[in-house]
2 protein chains.
Amino acid sequence: MPKLGMEPIRRAALIDATIAEIGAAGTLDVTVSRIARRAGVSSALAHHYFGGKDDILLAAMRHVLRDYGREVTRRLGRQTAPWARLEAIVEGSFAPSNFRSDVVSAWLNFYVLALSSPEAARLHRVYAGRLRSNLLSALRPLAGDRALALAERAAFLIDGAYLNQGLAPGAPDGEAAARHVLQALGAELSGS
Amino acid sequence: MPKLGMEPIRRAALIDATIAEIGAAGTLDVTVSRIARRAGVSSALAHHYFGGKDDILLAAMRHVLRDYGREVTRRLGRQTAPWARLEAIVEGSFAPSNFRSDVVSAWLNFYVLALSSPEAARLHRVYAGRLRSNLLSALRPLAGDRALALAERAAFLIDGAYLNQGLAPGAPDGEAAARHVLQALGAELSGS
DNA sequence: CTGTTTATTGATTGACGAGTCAATTAAAGA
DNA sequence: TCTTTAATTGACTCGTCAATCAATAAACAG
């Protein structure tokens, strides 16, 4: 019973299913059939709309990255003071929608995918570049020429927190992670 | 032409080949055949000594973790002053033998493997626990009751540096990473 | 109505890869 | 010398899975 205009709905459902499936399995070794089943369609349809498994994976990665960027950008839009902008970046990074355990699990898998897939590597570079650029512009007024090094450390802290929260047993706690990172940055800034 | 006592030699060669293969491919999706070929034996022999692919992977993970631990422990043995012990931990973490690009690539893959393999998760917990315990004992005299939070941040920084160096283009620079982490910790400690 | 386009799937193909096994060679021991 | 044991492999089996395709059904255009 084909209704028209299904494409965007199916795509979205398949992408959500992909993230959920990867999150549940903890690996990219998920079959197209399982993803499709979770989305309520046949595996043939997944191929029809995406072309191949790689394309599905990359679409899911783009989706995660876009959600992440949206969350940060939204918070950043309202702030002008440097420290407030820093808070916006960090808190956006650990916002509940990004920091759900299946999303973090998928995130880690996409991170590692960048080691073997050029397109995934490109997406990762875009993310990493934007994060550093955001951090740098917020830190410049606060830290002057130490801003570059501080931005790098902040990026390390954020990624490290993701990695550890992703592997820690129990539900991840974004608030605690954000507090950690901000406290570390605050301490480094005050001790100038 | 079977010589006796080949087992340890073959095991070692297969483990090295596994790390090299994973490092080169950037994924755990490497075939037993390729690993065996690199080690100069047949795939049947790999199964003979290890049992299955999972066992090979876990053996390689243990090997990486053991090398890491050795490097840290060796440096730690000579030091008694708190800050020197901290340096030992951090510098050991980024020692050239641990921080070769194929090893880091394998490391990241093993990290993610812990999301789906209980045994890999156990190994990771052991590593994470020991790292924190080492950091904590070095930081306690320097930071008192802030030591716990600081140890956590240091762990985030180290893992974050691994993650970023692993994905950065070009050869990883362990010295720079170590300096980064130590400088961050020093700044936090001085601004008490 | 009729033909075209969109949505959808069941069935099939083809490849690839983990794990098994029987057979071979040579060293060690009796 | 005979036999037991370790080392080693080529060939084979069995599943699984990505990808394809032909077929069906509904909406829509003219």
Side-chain angles (χ1 to χ4, degrees), chain A residues 1-61 106 109-110 113 116-120, chain B residues 1-61 106 109-110 113 116-120:
Chain A
M1 331 83 179
K3 284 180 187 164
L4 275 273
M6 281 290 105
E7 175 156 359
I9 294 160
R10 296 307 190 197
R11 288 188 99 95
L14 282 164
I15 286 174
D16 284 351
T18 303
I19 293 166
E21 201 67 32
I22 292 172
T27 165
L28 297 179
D29 247 323
V30 291
T31 69
V32 175
S33 300
R34 285 189 68 88
I35 293 171
R37 174 128 24 105
R38 190 184 279 254
V41 299
S42 74
S43 73
L45 195 68
H47 280 100
H48 175 63
Y49 281 129
F50 282 96
K53 186 181 175 178
D54 294 351
D55 303 280
I56 303 179
L57 258 32
L58 289 172
M61 180 171 178
N109 275 284
F110 293 145
L113 179 63
S116 58
S117 152
E119 176 62 6
Chain B
M1 335 79 176
K3 281 180 189 164
L4 276 275
M6 281 291 105
E7 175 155 0
I9 295 160
R10 295 309 190 197
R11 289 188 98 97
L14 282 163
I15 287 175
D16 284 351
T18 303
I19 294 166
E21 201 68 32
I22 293 172
T27 165
L28 296 179
D29 247 324
V30 291
T31 69
V32 175
S33 300
R34 286 187 68 87
I35 293 171
R37 173 130 23 106
R38 191 184 279 254
V41 300
S42 74
S43 74
L45 195 68
H47 279 100
H48 176 63
Y49 281 129
F50 283 97
K53 185 180 176 179
D54 294 352
D55 304 281
I56 303 179
L57 258 32
L58 289 171
M61 180 171 178
N109 275 284
F110 293 144
L113 179 63
S116 59
S117 153
E119 175 64 6

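Below, read A as the first sequence line, B as the second, and so on, with proteins coming before strands; counting in each chain starts at 1. Because the structure is a prediction, the values reported are computed rather than measured.
- If you measure from atom CE of Met6(B) to atom P of dT9(D), you get 12 Å, rounded to the nearest angstrom.
- For Ala120(A), the side chain to side chain contact (heavy atoms under 4.5 Å, CB included) test picks out Leu58(A), Met61(A), Leu113(A), Ala114(A), Ser117(A), with sequence neighbours left out.
- As rounded to whole Å, 16 Å separates atom P of dT5(C) from atom CD of Glu7(A).
- Legend: residues meeting side chain to side chain contact (heavy atoms under 4.5 Å, CB included) with Ala13(A), ordered by chain and number and at least two apart, are Ala39(A).
- Under the side-chain hydrogen bond (donor to acceptor under 3.5 Å, both in side chains) criterion, no residue pair touches residues 43-55 of chain B, with sequence neighbours excluded.
- Side-chain contact check for Asn109(B) versus Leu57(B): every heavy-atom pair is 4.5 Å or farther apart.
- For residues 15-27 of chain A, every residue pair satisfying the salt bridge (Lys or Arg N to Asp or Glu O under 4.0 Å) rule, not counting sequence neighbours, is listed here: Glu21(A)-Arg34(A), Glu21(A)-Arg38(A).
- A heavy atom lying under 4.0 Å from DNA chain D marks the following residues of residues 25-50 of chain B, by number: Val41(B), Ser42(B), Ala44(B), Leu45(B), His48(B), Tyr49(B).
- Near DNA chain C, meaning a heavy atom under 4.0 Å from it, residues 10-19 of chain B has no residue at all.
- Looking at residues two or more places apart in sequence or on another chain, you find a salt bridge (charged side-chain N to carboxylate O under 4.0 Å, His left out) between Glu7(A) and Arg11(A).
- Listed by first and then second residue, the salt bridge (Lys or Arg N to Asp or Glu O under 4.0 Å) pairs that reach into residues 40-49 of chain A come to none, sequence neighbours excluded.
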Could you check Val41(A) against Leu14(A) for side-chain contact (heavy atoms from CB on, under 4.5 Å), going step by step and ending with a plain yes or no?
CA-CA 9 Å; Val41(A) 299; Leu14(A) 282 164; 4.0 Å; yes

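- In this structure, the NZ atom of Lys53(A) is 8 Å from the C1' atom of dC17(D), given to the nearest Å.
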